[in-house]
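Take a look at the structure set out below.
For this chain, numbers begin at 1 and follow the sequence in order.
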Amino acid sequence: QDCDGYAFVRVLNDFSVGDGVLWSKLGRKMTGVISELHLVFEGGREVAHADVFCFEKEQKHDVLCLNLKIISKNDLEA
């Protein structure tokens, strides 16, 4: 359990509410803004997830934090 707590603290240091993020879903790039960070119990452990408001779909998605990348200007131009 200490390991899981450490992993979540790392995620909290990497992401904040209000961050612009990028992730892929079925080969499509999606962008949005983090509205909440939380833990979800999956596979016998707590895993960090984020509620992300998706700009393309104009709705909230629950995304595994490991799939998120903070958006930089270069990401938007690609």
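Cluster note: F41 groups with no other residue, as no ILVMFWY side-chain heavy atom lies under 4.5 Å from it. Annotation for L26: hydrophobic cluster partners, listed by chain and number, are none (ILVMFWY side-chain heavy atoms under 4.5 Å, direct or chained).
Applying the side chain to side chain contact (heavy atoms under 4.5 Å, CB included) criterion to K57, with sequence neighbours excluded, gives R28, M30, C54, Q59, H61. Partners of E56 by side chain to side chain donor-acceptor pair (under 3.5 Å), not counting sequence neighbours, listed by chain and number: T31. In terms of the side chain to side chain contact (heavy atoms under 4.5 Å, CB included) criterion, residue partners of N67 (sequence neighbours excluded) are, by chain and number, V63, L64. Residues passing the side chain to side chain contact (heavy atoms under 4.5 Å, CB included) test with E58, sequence neighbours excluded: F53.
With rounding to the nearest 0.5 Å, the separation of CD1 in I70 from OG in S16 is 7.0 Å. Going from atom NZ of K60 over to atom CG of D51 covers 4.0 Å, rounded to the nearest 0.5 Å. Interatomic distance, CG of D14 versus CG of L68, reported as 10.5 Å (0.5 Å rounding). Atom-to-atom distance recorded for W23:CH2 and I71:CD1 is 8.5 Å, nearest 0.5 angstrom. In this structure, the separation between SG on C65 and CG on L39 is 9.0 Å, given to the nearest 0.5 Å.
Without hydrogens or angle criteria, S24 side chain to K29 main chain gives no donor-acceptor distance under 3.5 Å.
When only modelled atom types and interatomic distance are considered, E42 and H49 share a side-chain donor-acceptor pair under 3.5 Å.
V21 and L37 end up in the same hydrophobic cluster when Ile, Leu, Val, Met, Phe, Trp and Tyr side chains are linked at under 4.5 Å.
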